[in-house]
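See below for the structure under consideration.
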Amino acid sequence: MDYHWDWLFFFRETDDGLKYYDWILSGLGWTTLVSLASLALALALGSALGVMRTTPKRWLVAIGDAYVDVFRNIPLIVQLFMWFFVVPELVPDRLGMWMKQDLPYVVIAVVGLGLYTAARIAEQVKAGINSLSRGQRNAGLALGLTEWQTYRHVRLPMAYRIVLPAMTSEAMNIFKNSAVTYAVGILELYFQYKQIIEKTSQVLEITIVVTLAYFALAFLMNRLLAFIERRTRVPGLIVGGKGSN
Amino acid sequence: MSDFDFSVILENWGFLAQGLRYTVQVTITAMLGGILIGTVLALMRLSSLPPLQWFAAGYVNIFRSVPLVQVILAFYLILPMVLQMITGKQMPIGAANSAYFTFTVFEAAYYSEIMRSGIQSVPRGQVAAGYAMGFTYGQTMRLVVLPQAFRNMLPVLLTQTIILFQDVSLVYAIGATDFFGAADKITQRDLRPVEMYTTVAVVYFVICFTLSRLVKLLQSRIAIIR
């Protein structure tokens with residue numbers, strides 16, 4: 001194969017006076033930012049939805065179920081395009097103009113990725129709560145706690161610990177899913193990957209480097225959550241099965 | 001919302017349907033090929049030969065930690081180079097064709113993890129019983145273990161296929177005309193993003209929602225085993 005290997009191209013100058021490795025670093029930064037912000041949104045909303053789906057109130061369950069059905073059955077890229085190109089046309093004119101002109105792209109991208117991921121988190125939170133024995137809730141109520149307090153003090157602390165391994169893989173997935181936001185103009189790692197290929201044609205080198213970068217991000221997230229898992233472990237209780245060490 | 005124009009959808013339905021057909025073709029190809037390769041990988045992973053274990057583990061871990069869009073683009077560019085190296089001729093294969101290969105190879109990593117847990121869900125006694133009957137390794141796997149593993153994992157395999165069906169939309173990265181790609185190209189021409197993207201979202205929702213309900217139904221039907 002007459003492929004011309006050139007590992008040093010990363011240190012060459014680009015059109016805008018930077019070096020190619022600067023592009024990669026900046027992409028890495030955006031990937032991290034979009035992923036972490038989306039994850040925070042997804043955790044908050046997903047937890048609320050997951051709790052709603054386990055309450056005795058039927059209408060809350062119905063809303064939570066409907067949300068999960070909608071957001072899990074439409075591809076991420078289509079959801080992002082809906083947020084960017086369809087929603088601004090459907091809302092009142094002034095709000096639509098503001099979304100199109102003043103609202104930073106990255107905010108819409110984070111909302112899109114966050115709401116998409118929230119459906120997956122909601123599934124896990126629900127599964128975690130349902131895996132607890134019914135006696136936990138009953139004991140809480142018998143002690144005079146309100147329904148909400150049984151969640152806050154009894155059920156959620158256990159449920160989160162149980163689903164932490166599953167959450168870990170979701171948190172690792174979000175870095176990969178964030179690559180799709182390139183399609184709506186976020187200059188994250190995959191966008192830079194594509195751009196560098198167009199400029200240099202050094203496909204193999206850049207593929208190896210970007211693959212390693214995604215590897216590293218997922219690995220760091222995995223370590224972080226494994227650390228949290230260890231720190232929050234309840235002594236004497238074996239929860240979460242095999243875990244992710 | 002006032003000027004939602006249904007005629008745009010009707011006029012372009014032929015092109016959209018063509019895109020949807022491509023999406024379904026890639027999904028089915030990658031499902032069959034992916035499950036086949038995935039099963040082989042799972043057997044390698046569970047074999048007693050370390051090199052086979054390493055190969056399977058490496059394969060699965062690499063593909064599971066890379067974004068699919070990146071793999072789609074990388075394979076689209078690298079595949080022709082590899083083919084040229086093998087055959088010595090220029091072989092432009094095109095975006096639409098390279099996606100069949102990419103999805104099969106990529107999904108195999110995910111199907112293999114499902115098959116691995118399926119195989120592990122079969123009690124050890126079954127394997128021992130197979131050997132006691134005088135079966136070879138191949139016979140034990142083919143006649144005893146894999147049919148049960150496959151049956152236990154059928155709902156999960158189908159759920160993964162629904163995800164795959166949605167993921168085909170990422171061929172957008174190389175400009176292939178799948179269902180979403182078709183809608184996007186019409187949007188570029190007619191400037192009707194609301195009608196086009198909404199249609200894609202609704203059709204995807206209806207198909208995936210229906211399929212996932214059917215999988216749930218199937219799950220309760222076959223859950224009786226053991």
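Lettering follows sequence order; numbering is per chain, from 1. Below, all heavy atoms of this structure are taken into account, side chains as well, without hydrogens, waters or symmetry copies. Everything numeric in this text was worked out from a predicted model, so none of it was measured.
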Would you sort out whether A:Val203 and B:Met81 count as a side chain to side chain contact (heavy atoms under 4.5 Å, CB included), showing the intermediate values?
CA-CA 10 Å; A:Val203 186; B:Met81 292 200 243; 4.1 Å; yes
Of all heavy-atom pairs between B:Gln166 and A:Arg72, which one has the smallest distance, and what is that distance?
NE2-O, 3.0 Å
Can you tell which of B:Asn61, B:Leu68, B:Leu170 has the highest number of heavy-atom pairs within less than 4.5 Å of chain A?
B:Leu170
Between A:Thr211 and B:Val66, what is the shortest heavy-atom contact and its length?
CG2-CG2, 3.6 Å
Does anything in residues 189-199 of chain A form a side-chain hydrogen bond (donor to acceptor under 3.5 Å, both in side chains)? List the pairs, not counting sequence neighbours.
A:Asp15-A:Lys199, A:Tyr193-A:Thr207
Kindly compute the distance separating CG (A:Leu204) from CD1 (B:Ile78), expressed to the nearest 0.5 Å.
5.0 Å
Taking all atoms of both residues into account, what is the closest heavy-atom pair of A:Tyr182 and B:Ala173, and its distance?
OH-CA, 3.2 Å
Spacing of B:Ile162 atom CD1 and A:Asn73 atom CG [to the nearest 0.5 Å]:
7.0 Å
Nearest 0.5 Å please: distance from the CZ atom of B:Arg64 over to the NZ atom of A:Lys176.
7.0 Å
With side chains defined as the heavy atoms from C-beta onward, is the minimum distance between A:Pro75 and B:Asp167 less than 4.5 Å?
no
Please determine whether the number of non-hydrogen atoms from other residues, nucleotides or ligands lying under 6.0 Å from atom CG of A:Asp93 exceeds 12.
no
Can you say whether B:Gln84 sits under 4.5 Å from chain A via the side chain, the backbone, both, or neither, judging by heavy atoms?
neither
For B:Gln90, is the CD atom crowded, meaning more than 12 foreign heavy atoms sit under 6.0 Å from it?
no
Which atom names give the shortest non-hydrogen contact between A:Ile74 and B:Phe205, and what distance separates them?
CG1-CB, 4.0 Å
Residue-level interface, residues 123-134 of chain A with chain B, non-hydrogen cut-off under 4.5 Å:
none
Passes side chain to side chain contact (heavy atoms under 4.5 Å, CB included), A:Asp69 versus B:Arg213? Steps please.
CA-CA 10 Å; A:Asp69 280 334; B:Arg213 282 299 137 105; 3.0 Å; yes
Fit a plane to each ring of A:Phe85 and B:Tyr197, take the angle between them on a 0 to 90° scale, and name the class: parallel (under 30°), tilted (30 to 60°) or perpendicular (over 60°).
tilted
Let me know if B:Asp184 has heavy atoms under 4.5 Å from chain A in its side chain, its backbone, both or neither.
side chain
Should we count CH2 of A:Trp30 as having more than 12 external heavy atoms under 6.0 Å?
no
Counting only non-hydrogen atoms closer than 4.5 Å, does A:Leu189 touch chain B with its backbone (N, CA, C, O), its side chain (CB onward), both, or neither?
neither
Using a cut-off of under 4.5 Å on heavy-atom pairs, state which of B:Ala201, B:Pro193, B:Ala183 scores highest against chain A.
B:Ala201
Does a sphere of radius 6.0 Å around NZ in A:Lys100 hold more than 12 heavy atoms from other residues, nucleotides or ligands, not counting ones at 6.0 Å or beyond?
yes
Restricting to non-hydrogen atoms, name the atom on A:Ile77 and the atom on B:Ser169 that form the minimum distance, rounded to 0.1 Å.
CG2-OG, 3.4 Å
Is there a side-chain contact between B:Ser65 and A:Tyr214 (heavy atoms, below 4.5 Å)?
no
Heavy atoms from other residues, nucleotides or ligands near OH of A:Tyr105 exceed 12 (cutoff 6.0 Å)
no
Side chain from CB out, backbone as N, CA, C, O: work out which of these in A:Val91 comes under 4.5 Å of a heavy atom of chain B, or both, or neither.
neither
